[in-house]
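Working notes for the structure below.
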Amino acid sequence: MQPEPIFDLAHLGHMELLTPKPDESLKFFVDVMGMTVSGRQGESVYLRGWDDYERYSLKLTASKTSGMGHMALRARSQQALERRVAALKGSGFDIGWIDGDMGQGPTFRCRDPDGHIVELYYETEWYQAPPELKPALKNQAQRFPARGVNVRRLDHLNCLAVDIKANREFFENYLGCRLTEQIVLNDGREAAMWLTMSNKSYDFAYSLDHSGVPGRFHHVTYALDSREEILRAADIFLDNGIYIETGPHKHAIQQTFFLYVYEPGGNRVEVANAGARLILAPDWKPIVWTEEERKKGQAWGLKTIESFHTHGTPPVEVKKHA
């Protein structure tokens, strides 16, 4: 008999993005992405999509280089948080408790096998819109900004890793995340994974880092309401001189309609229409994609661009992807 699934974590709460060009990156997220500043502290600015329920979903921090500072996962209760902490203690992946960030209660830090910092927390500050941003409908977090791309909410992130299987087992066994889809190469190596903590098809993904350097970052994704808004976003990025890497198009895996750009600090950012697919089956069987299937490209035949396999942050010299 299979062990009972663990459902102690609720969702991806926020992530910290590092940038060597803080002023330019902030202008991108506010003026082009249409996000709202909800706090400042030290070298960091805290930002939100207009329907994120927590105070912020992105912590933008000035740094000597680019990449991810940490990701933060919210537990379903204080008891759930304590159960995950108990599972992690003594595992070799645990770091320990910290006081918590802006709008966030006591937080437990750990590392995945690749070295990415993961924060677990429960107590959080729900966003209260000031009068000028208060929406007409009380079930909406804030007024629609009508600025730039107008991203709605944080959807997911993607990290790079040198050992996908080790990371999958960490998130499954210690944090209770569920695998929904994966790529397995002909030699049996796992090349990518998509995991969820809820009925969303995925909260985060990990892809194989061909550089062999651990702890790097691939992209963060914000959700829009429709494919048409993503097409409009492409025009907005074009008008603002933002480099479009690939898309708009549709992924075969997870069927996400996507558009990828680079923000001024060098980090990859995606806007996507990702809300259509839900994982409702409690006994969901992960979808496995083969090497041959992935060589066919994306859903409608667009070949995966070479930089998608080589560009990550912080930047390193990467061997050419075969």
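Starting from 1, each residue takes its place in the sequence as its number.
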Ring centers of [X], [Y] separated by less than 6.0 Å:
| X | Y | value |
| --- | --- | --- |
| His251 | Phe257 | no |
| His219 | His156 | yes |
| Phe108 | Tyr121 | no |

If you apply the rule side-chain contact (heavy atoms from CB on, under 4.5 Å), what do you find for Phe28 with Leu60, and how did you get there?
CA-CA 11 Å; Phe28 166 82; Leu60 187 65; over 6 Å; no
Work out which heavy atom in [X] is nearest to a heavy atom in [Y]; give both atom names and the distance.
| X | Y | answer |
| --- | --- | --- |
| Ala252 | Trp289 | O-CZ2, 3.9 Å |
| Pro131 | Arg143 | O-NH2, 4.5 Å |
| Pro113 | Ala166 | CG-O, 3.5 Å |
| Ser198 | Ala10 | CB-O, 3.8 Å |
| Glu270 | Thr256 | OE2-CG2, 4.3 Å |
| Leu208 | Leu160 | O-CD2, 4.1 Å |

Keeping [X] on the side-chain end and [Y] on the backbone end, is there a donor-acceptor pair under 3.5 Å?
| X | Y | value |
| --- | --- | --- |
| Arg294 | Gly297 | yes |
| Asp203 | Met197 | yes |
| Trp284 | Thr180 | yes |

Please determine whether residues [X] and [Y] belong to a single hydrophobic cluster, defined as Ile, Leu, Val, Met, Phe, Trp and Tyr linked transitively by side-chain heavy-atom distances below 4.5 Å.
| X | Y | result |
| --- | --- | --- |
| Tyr127 | Tyr56 | no |
| Phe237 | Met35 | yes |
| Leu12 | Met102 | no |
| Leu9 | Ile95 | no |
| Val32 | Val30 | yes |

Which hydrophobic side chains are connected to [X], either touching it within the sub-4.5 Å cutoff or through other members that do?
| X | result |
| --- | --- |
| Tyr243 | Tyr262 |
| Tyr260 | Phe258, Leu302, Ile305, Phe308 |
| Leu137 | none |
| Ile6 | none |

Would you say the side chains of [X] and [Y] form a donor-acceptor pair under 3.5 Å?
| X | Y | result |
| --- | --- | --- |
| Asn267 | Glu263 | yes |
| His218 | Arg268 | yes |
| Thr61 | Glu16 | yes |
| His249 | Gln298 | no |
| Trp126 | Glu54 | no |
| Arg55 | Gln128 | no |

Measure the [atom1]-[atom2] distance between [X] and [Y] for me, rounded to the nearest 0.5 Å.
| X | Y | atom1 | atom2 | answer |
| --- | --- | --- | --- | --- |
| Arg109 | Leu88 | CZ | CG | 14.0 Å |
| Leu280 | Asn199 | CG | CG | 5.5 Å |
| Ile164 | Met193 | CD1 | CE | 6.0 Å |
| Leu259 | Ile244 | CG | CD1 | 5.5 Å |
| Ser226 | Leu224 | OG | CG | 7.5 Å |
| Ile253 | Trp194 | CD1 | CH2 | 3.5 Å |

Do the ring planes of Tyr206 and Phe204 sit parallel (below 30°), tilted (30 to 60°) or perpendicular (above 60°)?
perpendicular
[X] side chain near [Y] side chain, heavy-atom distance below 4.5 Å:
| X | Y | answer |
| --- | --- | --- |
| Tyr46 | Arg40 | no |
| Leu175 | Leu73 | yes |
| Val213 | Val162 | no |
| Met71 | Leu157 | yes |
| Gln254 | Ser201 | yes |
| Pro286 | Glu181 | no |
| Thr65 | Pro315 | yes |
| Arg111 | Val118 | no |

Full working for side-chain contact (heavy atoms from CB on, under 4.5 Å) between Gln255 and Lys250:
CA-CA 6 Å; Gln255 299 193 30; Lys250 178 180 175 178; 3.4 Å; yes
[X] atom [atom1], neighbour heavy-atom count above 12 within 6.0 Å:
| X | atom1 | answer |
| --- | --- | --- |
| Arg232 | CZ | no |
| Glu43 | CD | no |
| Lys27 | NZ | no |
| Lys200 | NZ | yes |
| Asp99 | CG | no |

CA sep, side-chain torsions, deciding dist, call: Lys89, Asp94, salt bridge (charged side-chain N to carboxylate O under 4.0 Å, His left out)
CA-CA 6 Å; Lys89 281 190 173 178; Asp94 53 321; over 6 Å; no
Check step by step if side-chain hydrogen bond (donor to acceptor under 3.5 Å, both in side chains) holds for His14 and His70.
CA-CA 9 Å; His14 71 264; His70 70 268; 3.1 Å; yes
Between Gln140 and Trp50, is a side-chain contact (heavy atoms from CB on, under 4.5 Å) present by the stated rule, with each step listed?
CA-CA 8 Å; Gln140 185 172 305; Trp50 59 267; 3.4 Å; yes
Mind checking side chain to side chain donor-acceptor pair (under 3.5 Å) for Ser57 and listing every partner two or more places apart, or none if nothing turns up?
Asp52, Tyr222
A cation-pi test, strictly: NZ or CZ of Arg74 under 6.0 Å from the centre of the six-membered ring of Tyr122 and no more than 45 degrees from its axis. Yes or no?
yes
Quick one: does NZ or CZ of Arg76 land under 6.0 Å from the six-membered ring centre of Phe7, within 45 degrees of the ring axis?
no
Would Arg153 and Asp51 count as a salt bridge (charged side-chain N to carboxylate O under 4.0 Å, His left out) here? Give the steps.
CA-CA 6 Å; Arg153 59 171 173 82; Asp51 208 23; over 6 Å; no
According to the salt bridge (Lys or Arg N to Asp or Glu O under 4.0 Å) rule, which pairs have a member within residues 283-292, sequence neighbours left out?
Glu291-Lys295
